[in-house]
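This report refers to the structure that appears directly beneath it.
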Amino acid sequence: MTAALDLLDLDPSLTDEERQIRDVVRQLVDDRVRPHVADWYEQGQVPARELAREFGKLGLLGMHLTGYGCAGASAVAYGLACQELEAGDSGLRSLVSVQGSLAMYAIWRYGSEEQKQRWLPSMATGEAIGCFGLTEPDHGSDPASMTTRARRDGDDWVLTGAKMWITNAPIADAAVIWARTDEGVRGFLVPVDTPGVTAREIRRKMSLRASVTGEIALDDVRLPADAQLPEAIGLKAPLSCLTEARYGIVWGAVGAARDCLETTLAYATTRTQFGRPLAGFQLTQAKLADMAVELVKGQLLALHLGRLADAHRLRPEQVSVGKLNNVREALAIARQCRTILGANGVSGEYPIMRHANNLESVLTYEGTSEIHQLVVGQRLTGISAFA
Ligand SMILES: Cc1cc2nc3c(=O)[nH]c(=O)nc-3n(C[C@H](O)[C@H](O)[C@H](O)COP(=O)(O)OP(=O)(O)OC[C@H]3O[C@@H](n4cnc5c(N)ncnc54)[C@H](O)[C@@H]3O)c2cc1C
């Protein structure tokens, strides 16, 4: 980020290695994403497989996991990578989050040794793409009510149901599918070419257009017994995966906000009205100052949560604090930056409206802002208002 935006001198509190990883990802985003992302967004088409392989080469897929070809980086380094990716576009951070923190993490944490050997190395290189199917057409915030079913038939499992709004589904090789069984919720590793599986792209999204989203229909999908993730018992298994992914969002949202503010600072200091730069008006400076304060607060929060994660002390409700605050503030920053760019703020020639639109999805997925309020509320009061 521009030195002026680092109001609190956070840069020196990163290690050399953390700064190095951040700079490598920033360079990748500058070279490979920024020149094209406005077109990908406008066309609603992104070369996701090609990008996944490039991200894989840099070790960004399953970056915080160990073994099986994963980089074993610290939580802070992973967060910094998310921040740089989302400064490019939330869709690209989503690609990396879903691959690494949802699909790969579920296999890494709950899979059998055979499942790990079969899928993790190829997912780490980006040769294989994974997705994570929890949400259903009629069950989003309340996954405990899911109706996708897995029933035993001899040694096999037979899955029936539908999953909706699944990132990467139309390009995935394997889907982690959560389904209700007679013993409660269980996870299944489903190769997408299994008969009975269809993945259809969701079109006309006005947000995250540089990300592939789909629905998955499961029509009597017969799977061998070893397709089940043996260690995933109950809903707490998918929820733990979501905590992993939400942690990346805490950092990523700050990246999108930073990109908006950097763009706006450059614009406001060069665009002149009434004979002076926009940045010379007190009203503009008040907006810029308030946004910069929120940005550094969000960065501090992300870094603090990252250090807790690296010390193995990060609790799910703390991640909720981070996701709730940082996405909400990033969206507010994007909208405020939009005003400073005037008409240019609505143009795809600038990244701001794209970030703002993307952040609408980020506010909703991985637990809506309301659900995170309820998680924090439960921590404060000891009363669950939603479960
Ligand atoms: C682009 C995109 C990508 C996604 N990728 C994935 C993915 O890869 N895998 C996956 O499984 N899902 C994915 N999702 C789905 C996402 O996680 C859900 O949209 C989210 O959980 C919310 O569910 P819903 O959309 O059904 O909204 P609903 O649950 O219907 O909620 C609608 C509104 O009601 C509010 N609400 C619900 N319950 C309560 C309550 N108890 N108290 C107060 N307010 C409440 C919500 O906060 C929200 O404002 C994705 C979504 C999007 C938009």
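For reference, positions follow the sequence shown, starting with 1. Whatever order the structure lists ligands and atoms in, that order sets their numbers, starting from 1.
- Distances from atom 30 (O) of ligand 1 to the protein include no heavy-atom value under 4.0 Å.
- Counting atoms of ligand 1 from 1 in the listed order, those under 4.0 Å from a heavy atom of Ile166 are 7 (C), 8 (O), 9 (N), 10 (C), 11 (O).
- Nearest non-hydrogen protein atom to atom 40 (C) of ligand 1 is Leu374 CD1, 3.9 Å.
- In terms of polar-atom proximity, defined here as any N/O pair under 3.5 Å, Asp142 makes no such contact with ligand 1.
- Distances from atom 15 (C) of ligand 1 to the heavy atoms of Leu102, Val98, Thr135, Ile202 show the closest one on Thr135.
- Contacts between Glu366 and ligand 1 below 4.0 angstrom, taking non-hydrogen atoms only, involve the backbone exclusively.
- When hydrogens are left out, the protein atom nearest atom 2 (C) of ligand 1 is Tyr365 CD2, 3.8 Å; that is the closest non-hydrogen contact.
- Of the charged side-chain nitrogens involved, none lies within less than 4.0 Å of a carboxylate oxygen, so that Asp156 and Arg151 do not count as a salt-bridged pair.
- In the vicinity of Leu208, heavy-atom distances shorter than 4.0 Å reach the ligand 1 atoms 1 (C).
- At under 3.5 Å, a nitrogen or oxygen of Leu134, whether backbone or side chain, sits near a nitrogen or oxygen of ligand 1.
- Applying the side chain to side chain contact (heavy atoms under 4.5 Å, CB included) test between Trp165 and each of Glu215, Lys205, Glu136 identifies Lys205 as the sole match.
- For atom 20 (C) of ligand 1, the closest heavy atom belonging to the protein is Thr364 O, 3.5 Å.
- Residues Arg209 and Arg204 form no side-chain contact, since every pair of their non-hydrogen atoms from C-beta on lies 4.5 Å or further apart.
- Closer than 4.0 Å to atom 33 (C) of ligand 1 lies none of the heavy atoms of the protein.
- Asp155 places no side-chain N or O within donor-acceptor distance of the main-chain N or O of Ala225, the cut-off being under 3.5 Å.
- Protein heavy atom in closest approach to atom 13 (C) of ligand 1: Trp165 O, 2.8 Å.
- Hydrophobic clustering (side-chain heavy atoms under 4.5 Å, transitive across Ile, Leu, Val, Met, Phe, Trp, Tyr) keeps Val46 apart from Val362.
- Comparing heavy-atom distances from atom 36 (N) of ligand 1 across Ser361, Ser141, Ser384 singles out Ser141 as nearest.
- With hydrogens left out, the protein atom closest to atom 44 (N) of ligand 1 is Glu370 CB, 3.9 Å, a heavy atom.
- Salt-bridge check for Arg109 with Glu231: failed, with every basic side-chain N at 4.0 Å or more from each acidic carboxylate O.
- When atom types are taken as modelled, the side chain of Arg19 and the backbone of Asp23 share no donor-acceptor pair closer than 3.5 angstrom.
- For ligand 1, the atoms closer than 4.0 angstrom to any heavy atom of Phe132 are 7 (C), 8 (O), 9 (N), 10 (C), 11 (O).
- For atom 39 (C) of ligand 1, the nearest protein heavy atom (residue, atom name, distance) is Ile371 CD1, 4.2 Å.
- In this structure, Glu201 pairs ionically with Arg203, as a charged nitrogen and a carboxylate oxygen lie closer than 4.0 Å.
- Side-chain contact between Leu235 and Pro143 is present, with at least one heavy-atom pair separated by less than 4.5 Å.
- In summary, the aromatic rings of Trp108 and Tyr68 are positioned with their centroids too far apart to meet the 6.0 Å limit.
- When distances from atom 6 (C) of ligand 1 to the protein are checked, a heavy atom turns up under 4.0 Å.
- For atom 24 (P) of ligand 1, the nearest non-hydrogen atom of the protein is Gly140 CA, 3.9 Å.
- In terms of protein heavy-atom proximity, atom 3 (C) of ligand 1 is closest to Thr167 OG1, 3.3 Å.
- Ring-plane geometry between Tyr105 and His64 is classed as parallel, the angle between the planes falling under 30 degrees on a 0 to 90 degree scale with a further cut at 60.
- For the side chain to side chain contact (heavy atoms under 4.5 Å, CB included) criterion with Thr160, the lone passing option out of Leu218, Thr148, Asp220 is Asp220.
- The main-chain N or O of Gly280 is found under 3.5 Å from a side-chain atom of Arg276 such that the two form a donor-acceptor pair.
- Residue Phe386 has no nitrogen or oxygen atom sitting less than 3.5 Å from a nitrogen or oxygen atom of ligand 1, judged on distance alone.
- At least one N or O atom of Thr368, backbone or side chain, sits closer than 3.5 Å to an N or O atom of ligand 1.
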